[in-house]
Number of protein chains: 2
Amino acid sequence: MSRASEQAYSAIRAFLLSGEAKAGEQLTEDQLTQITGVSRTPVREAVRRLEDELLLVRSDTKRMFVADWSRDDIEEMFALRQMLECHAAERAARRLSGAQMDKLEAVNLALKAAIEQPVPDVARFLEANRAFHEVIIDAAQSPRLAQMLAKLVEAPVVLRTARTYSPEDLRQSARDHDELVAAFAARDADWARAVMGSHLRRAFHTFVKTVGAANTADSIGEP
Amino acid sequence: MSRASEQAYSAIRAFLLSGEAKAGEQLTEDQLTQITGVSRTPVREAVRRLEDELLLVRSDTKRMFVADWSRDDIEEMFALRQMLECHAAERAARRLSGAQMDKLEAVNLALKAAIEQPVPDVARFLEANRAFHEVIIDAAQSPRLAQMLAKLVEAPVVLRTARTYSPEDLRQSARDHDELVAAFAARDADWARAVMGSHLRRAFHTFVKTVGAANTADSIGEP
DNA sequence: GTAGTGACTATTGTATACAAATAACTCCCG
DNA sequence: CGGGAGTTATTTGTATACAATAGTCACTAC
């Protein structure tokens with residue numbers, strides 16, 4: 001995507017993630033023009049993308065609102081992500097190239113380095129985590145799967161601001177990644193799938209424990 | 001979507017499905033304004049949708065081409081559809097309302113009526129089939145799942161022009177639908193999943209047999 | 001002949017003016 | 001007061017002009 005359009009996308013996205021925009025609030029294209037500094041044309045393109053990612057929703061009459069995710073929405077997204085990423089792990093275990101295996105191990109080292117310190121570097125951890133899963137999705141060689149997962153993985157980032165990661169969460173996550181590396185090294189598709197499944201399922205429970213607890217039962221968007 | 005935009009979408013889609021547009025051929029926005037009769041703005045919106053549906057692809061330098069699907073692409077789409085729709089069937093079996101069950105049975109009757117004649121009415125069969133799967137996806141109550149499936153189910157329609165449906169294919173499909181109805185009536189999620197799995201897996205093999213045979217190994221888009 | 005350079009063409013990207021649709025408001029009538 | 005028709009304001013949709021970028025082609029120097 002081109003400059004203004006990309007600019008609009010990331011500016012609006014940042015705006016939504018910042019919490020400045022309240023869930024359910026109406027937005028207009030003119031407002032977004034102000035925020036993004038570009039004209040309505042690229043704003044509209046960005047809005048379409050964000051609609052597709054379900055960060056924005058439209059009423060029957062084309063009005064635009066900040067999405068308000070329910071508990072069910074969150075559960076749905078985690079369930080789908082688990083299903084798709086287990087599939088990805090299985091495929092990846094069968095198709096992983098040597099270079100990809102090396103890359104995976106390197107990323108895993110970076111991931112461990114980020115938390116094996118007095119004060120864990122959560123930002124670096126998250127980035128390494130993202131890269132780790134990206135290698136797997138690449139190796140799965142399924143562009144449509146990658147596209148679907150991208151939406152699901154990106155989306156909960158919206159809620160991530162509220163999250164706190166306990167050292168134990170991070171260590172457990174690192175153990176999972178170690179086991180995934182072992183499964184991939186062994187090219188054992190079933191093993192990889194199984195580990196990925198428990199990894200993501202635990203992530204779901206950690207998520208509802210840390211975020212869900214701080215929110216109402218129906219709406220997670222707003223504290 | 002509004003009038004011109006929707007018009008552009010369906011006109012371009014029809015153009016792509018008609019076979020007039022050759023796989024891999026470059027298209028320009030100007031061409032598409034001719035074809036659709038609307039200006040570039042709604043054309044561009046339609047193009048974005050079609051890109052998302054992978055009917056159009058763009059080069060690194062923003063040029064637009066008619067998608068050319070490989071054998072691997074087809075396999076990927078069927079595999080993903082099977083995974084997602086099995087999940088949908090399982091969920092649907094647990095959540096199906098009485099009204100939805102009634103609707104499913106009604107659609108199934110229509111489906112059988114379409115083929116239980118001297119000359120099977122394939123168009124009516126396909127429509128009933130679509131409606132049948134739609135009821136299931138609705139009942140699964142997973143909007144993101146529905147969105148993903150919509151893309152996968154719609155896409156192969158592009159290739160459907162070439163297909164011929166043997167009476168035996170249609171009868172076997174009808175038997176599957178009968179069994180799905182039974183599984184849903186029993187609210188048996190495992191049964192529903194299993195039947196859906198074999199149903200779609202067979203559909204894949206029928207597909208490659210009837211279409212794939214008439215095409216090269218690499219590219220299914222062109223005869 | 002071929003690689004490189006520059007002008008020219010084609011194509012996509014952005015801004016903006018205008019049209020259509022929808023929501024909000026006012027004012028009148030009961 | 002309350003409800004509804006007509007009017008105004010707001011918002012989204014479309015067309016189009018212009019800008020920026022990518023591709024093409026011819027020409028020249030080597």
Side-chain angles (χ1 to χ4, degrees), chain A residues 1-16 18 20-68 143 147 150 221, chain B residues 1-16 18 20-68 143 147 150 221:
Chain A
M1 287 213 131
S2 48
R3 218 180 79 263
S5 187
E6 191 62 37
Q7 158 69 13
Y9 174 77
S10 47
I12 297 171
R13 193 164 204 287
F15 174 66
L16 295 174
S18 75
E20 235 179 307
K22 295 187 179 63
E25 179 183 356
Q26 182 179 354
L27 299 176
T28 67
E29 292 175 356
D30 273 336
Q31 268 177 271
L32 297 179
T33 292
Q34 314 274 320
I35 292 173
T36 59
V38 301
S39 80
R40 276 181 60 214
T41 308
V43 163
R44 282 170 66 88
E45 278 200 12
V47 163
R48 290 277 141 69
R49 273 178 73 185
L50 291 162
E51 267 178 78
D52 194 52
E53 293 171 11
L54 300 173
L55 267 55
L56 294 173
V57 295
R58 295 186 97 91
S59 71
D60 48 352
T61 162
K62 314 295 184 183
R63 257 116 180 113
M64 189 196 331
F65 302 88
V66 180
D68 185 14
Q147 186 186 342
Chain B
M1 286 213 133
S2 49
R3 221 180 78 266
S5 188
E6 190 61 39
Q7 158 69 15
Y9 173 76
S10 47
I12 297 171
R13 192 166 206 287
F15 174 67
L16 295 174
S18 74
E20 238 179 305
K22 295 187 179 64
E25 179 183 356
Q26 181 177 357
L27 299 176
T28 68
E29 292 175 356
D30 273 337
Q31 269 176 271
L32 296 179
T33 58
Q34 314 272 321
I35 292 173
T36 60
V38 301
S39 81
R40 276 181 60 213
T41 307
V43 162
R44 282 171 65 90
E45 279 200 12
V47 163
R48 295 292 195 246
R49 273 177 72 186
L50 292 162
E51 266 178 78
D52 194 53
E53 293 171 10
L54 301 173
L55 266 54
L56 294 174
V57 296
R58 295 186 95 92
S59 70
D60 49 351
T61 161
K62 314 296 184 184
R63 257 116 180 114
M64 190 194 334
F65 302 88
V66 180
D68 185 12
Q147 187 186 344

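The sequence lines fix the lettering, A, B, ..., with proteins before strands; numbering per chain opens at 1.
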Task: Contact list for residues 54-63 of chain B, test salt bridge (charged side-chain N to carboxylate O under 4.0 Å, His left out), sequence neighbours left out - done: B/Glu51-B/Arg58
Task: Contact check, side chains of B/Met64 and B/Leu32, non-hydrogen atoms, under 4.5 Å - done: yes
Task: Protein-nucleotide distance (B/Asp30, atom CG; D/dG23, atom C1'), rounded to Å - done: 16 Å
Open item on the list: If you count heavy atoms of other groups shown closer than 6.0 angstrom to CD of A/Gln147, is the number above 12?
Closed with: yes
Task: Consecutive-pair stems (at least three Watson-Crick or G-U pairs, under 3.5 Å) that include DNA chain C - done: C:1-30 with D:1-30
TODO: Report yes if the side chains of A/Phe15 and A/Leu27 come closer than 4.5 Å at any heavy-atom pair, otherwise no.
DONE: yes
TODO: Provide, to the nearest angstrom, the distance between the CD atom belonging to A/Gln26 and the P atom belonging to D/dT10.
DONE: 13 Å
- [ ] With sequence neighbours excluded, tell me which residues meet side-chain hydrogen bond (donor to acceptor under 3.5 Å, both in side chains) with B/Arg40.
- [x] B/Glu29
Open item on the list: Let me spell it out: for each of A/Asp60 and A/Glu45, pick the nucleotide of DNA chain C with the closest heavy atom. Which residue's pick is nearer the 5' end?
Closed with: A/Glu45
Task: Pairing residues for A/Glu45 by the side chain to side chain contact (heavy atoms under 4.5 Å, CB included) criterion, not counting sequence neighbours - done: A/Met1, A/Ser5, B/Arg44, B/Arg48
Open item on the list: Could you tell me the boundaries of the chain B footprint on DNA chain C, defined by atoms under 4.0 Å from its heavy atoms?
Closed with: C/dT11 to C/dT14
N/O contacts under 3.5 Å, protein versus nucleotides 19-22 of chain D?
from, atom 1, to, atom 2, distance (Å)
D/dA22, O3', B/Thr61, OG1, 2.6

Task: Any donor-acceptor N/O pair, A/Glu25 side chain to A/Lys22 backbone, under 3.5 Å - done: yes
- [ ] Look at the side chain of B/Gln34 and the backbone N and O of B/Gln31, then say whether any donor-acceptor pair between them is shorter than 3.5 Å.
- [x] no
Task: Close side-chain approach of B/Arg49 to B/Arg13, heavy-atom, < 4.5 Å - done: no
Task: Selection: residues 34-42 of chain B, any non-hydrogen atom under 4.0 Å of DNA chain D - done: B/Val38, B/Ser39, B/Arg40, B/Thr41, B/Pro42
Task: Partner set under side-chain hydrogen bond (donor to acceptor under 3.5 Å, both in side chains) for A/Thr41, not counting sequence neighbours - done: none
- [ ] Under 4.0 Å between any heavy atoms, over every strand shown, what does A/Leu32 touch: base, sugar-phosphate, or nothing? Just pick one.
- [x] nothing
Task: Distance (rounded to the nearest 0.5 Å) between B/Ile12 CD1 and B/Ile35 CD1 - done: 7.5 Å
TODO: Apply salt bridge (charged side-chain N to carboxylate O under 4.0 Å, His left out) to A/Asp30 and list each qualifying residue two or more places apart in sequence or on a separate chain.
DONE: none
TODO: Please assess B/Leu56 against B/Phe65 for the test side-chain contact (heavy atoms from CB on, under 4.5 Å), listing each intermediate value before the final yes or no.
DONE: CA-CA 6 Å; B/Leu56 294 174; B/Phe65 302 88; over 6 Å; no
